[in-house]
Structures are given as structure tokens and as C-alpha cells.
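Everything below concerns the one structure shown next.
For ligands, and for the atoms within them, numbers begin at 1 and follow the listed sequence.
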Amino acid sequence: MSTPDEDFVACANCFSDRGLRLDAEKIGREIAGACPNCGATEFKKLPISGVGALAHRFFVWGSMWRARYGAAPLIQFNEHQQTSIDIAPWLVDDVKLIERLLGVGFFHYGPRLWMIGEIEPLKELQRPTKRQAIVDRILSEYPERSLLPDESFYRVRVNPSAPGDPKQYDSPPAASAGRGRLDPAGCPVLYGSPDLEVCVHECRVSAEDDVFVATLTSTRSLRLLDVSVLLKEEDVSEFESLDIAVHMLFLAGRHSYKITRAIAEAARSAGFDGLIYPSYFSLLRIGQMPFQTTYGISHRRIPQYQDYEQAKAIPNLGLFGRPIEAGAVSVQCINRLVLSRVGYEFHFGPTGA
Ligand SMILES: [Zn+2]
């Protein structure tokens with residue numbers, strides 16, 4: 001973040017807001033000597049680039065507002081604007097300091113509307129009469145991937161009645177299907193992931209639960225539709241992008257399930273054994289700001305960021321039917337899973353904008 005010859009201009013003690021102080025301690029570096037701004041010696045110090053990173057993390061990421069689909073920050077700052085946001089009394093001096101050090105002003109950000117879901121394919125997916133055409137496009141434009149017998153993945157069960165019985169790790173019976181992201185009524189889906197941490201998150205495990213994990217492999221090559229990939233599209237804007245529409249869809253909450261189930265249903269009818277899709281918890285797992293943009297352009301559409309954006313998606317698996325009972329998936333091993341420590345990482349933002 002800072003080059004070695006950058007001068008340090010502030011320290012964590014320069015700020016009054018508790019969130020900014022704690023974030024500054026996380027971002028700052030331990031450097032001997034007095035802070036050139038406040039004179040304190042025992043706090044982590046920040047160069048100009050560090051103050052910029054702190055301001056971005058606190059005011060931009062920290063004011064992120066989630067829409068039904070997508071999300072956008074409510075505050076931005078740059079060197080062309082005077083500060084025009086309302087500032088809480090405990091933040092007034094801090095804002096003045098950042099304005100002076102960076103030569104910037106803070107203002108309300110009017111997001112480009114695609115950032116909050118104004119994307120044609122996404123709007124059509126939400127309209128039952130238009131949905132099928134987009135679902136058909138998803139089936140034809142996303143790639144097929146094979147799940148091979150040497151690739152293992154995990155399935156976590158909370159409080160199973162017979163933890164050592166492999167059948168307990170199959171999908172639920174058909175009668176209880178219809179509640180998840182991919183299972184329509186009557187069609188169970190086995191949910192798993194090669195990422196064990198994601199499995200644990202997805203099951204919303206708590207300390208009182210008895211948790212077990214099965215290591216699973218397929219017994220033959222399974223055909224999966226992979227909607228976790230970054231679809232490279234040419235000559236379309238963010239407002240028309242199927243890639244961003246699908247990305248936002250799988251990072252949305254329960255209100256999106258009707259649509260994701262329709263995609264799963266279509267994939268099943270087309271002969272696929274299941275779906276690979278980005279985990280809702282990908283963003284938390286990696287600790288990145290969701291839906292990153294530069295000058296209002298999605299990083300998913302900037303070639304030099306695309307590999308990185310792709311790497312952020314942690315894949316989940318949904319396999320149709322009851323693959324353990326059907327013999328398509330076998331249980332290699334079952335373990336008890338002991339939660340020994342749960343950590344939260346957080347940073348701060350202002351209260352309102
Ligand atoms: Zn200081």
C-alpha cells in the first residue's frame with residue numbers, strides 16, 4: 001500500500017471517531033518517532049496513500065447500501081468536490097483532517113443504476129413472462145464442466161439423527177424439497193462445496209449444534225452447468241450484461257430463489273446433473289468490497305481485473321435428485337466437526353448519509 005520512501009502524515013491517534021481509530025490501527029504501520037500531525041509516538045502511522053485507503057474503507061465501503069440486487073456506496077470523495085454530506089459531531093474534526101491531507105471533499109454518490117440491479121437480463125428474469133428467454137440464454141452461454149470422480153467436495157449436516165450413516169448426507173426426501181436456492185418443490189438438491197468453510201457458513205452453524213461433515217466424490221463424471229464463471233461479453237454495456245445479472249442474482253438473498261430455481265429446473269430438464277454457482281458467502285470469505293467499480297465501470301468488465309474477479313467466486317455445488325441413493329455420489333468419509341473458534345473481521349463506516 002505504501003512505498004518505502006513515502007512520508008508518514010498521520011497516525012491512529014489523529015482521529016476521534018472510534019471506528020476510524022481502530023481502522024487506522026489496522027491499516028497503519030509501526031514506525032518509530034512522533035506523528036507529524038498530533039505528535040503522539042505510540043500509534044500506528046499512515047502515509048498519504050494509507051489515509052486514502054482509510055477514507056475509502058470507512059466512507060465508501062462503509063456506506064455500502066444493498067439493494068434487492070447489487071449494492072452501491074452512498075458516499076464518495078474526490079479532489080473536485082467540496083464536502084456536502086451531513087457529518088456526525090464526533091466525525092467533524094476527522095473529516096477536516098482527511099480533507100486537508102488528501103485535498104478532497106465527501107459527497108452523496110448517485111450510483112449508476114446498473115449497480116443496483118437496473119440490468120435488462122436481470123429485470124427480465126424477475127418478470128415471469130420474460131424469464132424463460134433469459135434462462136435459455138444462461139443455458140446456452142454458460143459453460144459445461146465435468147465433476148470427475150477424483151474431485152472431492154463436502155457436505156455439512158447439523159444435528160443429523162444418525163451421524164455415521166452415509167444416507168444422512170444425501171439430499172432431503174422429495175417431500176421436504178422446495179426451500180433452498182436451487183430446489184423446486186418435489187425436486188431435492190444435494191448442496192455441497194469444495195470449500196469447507198463455505199459449507200459451514202451456508203449451514204449457519206452455531207456453537208450448540210452437533211456438526212458433521214461428509215467427504216463426497218462422484219462415482220462417474222457428472223455434467224454440471226457452471227454459472228460461477230465470469231462470462232466475457234463483447235459490445236454490451238453493464239445495463240445489458242448477462243454476466244453481471246447472473247453474478248448479482250446468486251449474491252442476492254431469498255427473494256431471488258424463485259429465479260435461481262427456474263435456472264436449476266431448466267438445467268435439469270436439459271440433462272445436467274447439477275449446477276456450480278457462486279456462494280453467497282464468497283464476498284465475506286475473501287473480505288472484499290462487493291461489486292467493485294472504477295469510475296462507475298464494473299471490475300468484471302475491465303480485462304486486467306477479470307482473473308482476479310473470477311478468483312473471488314467460491315464455487316458451490318448443487319446436484320439434482322438424491323445422488324447418494326442413486327449411486328452417482330459416494331461417501332468417502334464422515335467426520336465430526338468441532339467449532340473451536342469463530343472469528344469476525346469487520347471494519348467501520350459512518351452512521352448515515
Ligand atoms: Zn497522529
key: Close side-chain approach of Phe59 and Ile98, heavy atoms under 4.5 Å   = yes

task = Evaluate the criterion side-chain contact (heavy atoms from CB on, under 4.5 Å) for residue pair Asp226 and Tyr142; output intermediate values, then yes/no.
result = CA-CA 6 Å; Asp226 188 355; Tyr142 279 86; over 6 Å; no

request  = Tell me, please, whether Phe212 has Arg155 positioned over its six-membered ring: NZ or CZ under 6.0 Å from the ring centre and within 45 degrees of its axis?
outcome  =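 So Arg155 doesn't make the cation-pi contact.
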
ask   = Any side-chain donor paired with an acceptor under 3.5 Å for Tyr154 and Asp195?
value = no

message = Taking 2.8 Å as the limit, list every protein N, O or S atom around the Zn ion (ligand 1), by chain and residue number.
response =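 Listed by chain and number, the nearby protein N, O or S atoms are Cys11 SG, Cys14 SG, Cys35 SG, Cys38 SG.
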
inquiry  = Under the side chain to side chain contact (heavy atoms under 4.5 Å, CB included) test against Val329, which residue among Leu222, Thr217, Thr219, Asp170 passes?
reply    =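 Checked Leu222, Thr217, Thr219, Asp170 against Val329; only one passes side chain to side chain contact (heavy atoms under 4.5 Å, CB included): Leu222.
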
key: Main-chain N/O of Arg300 paired to Gln306 side chain as donor or acceptor, under 3.5 Å   = yes

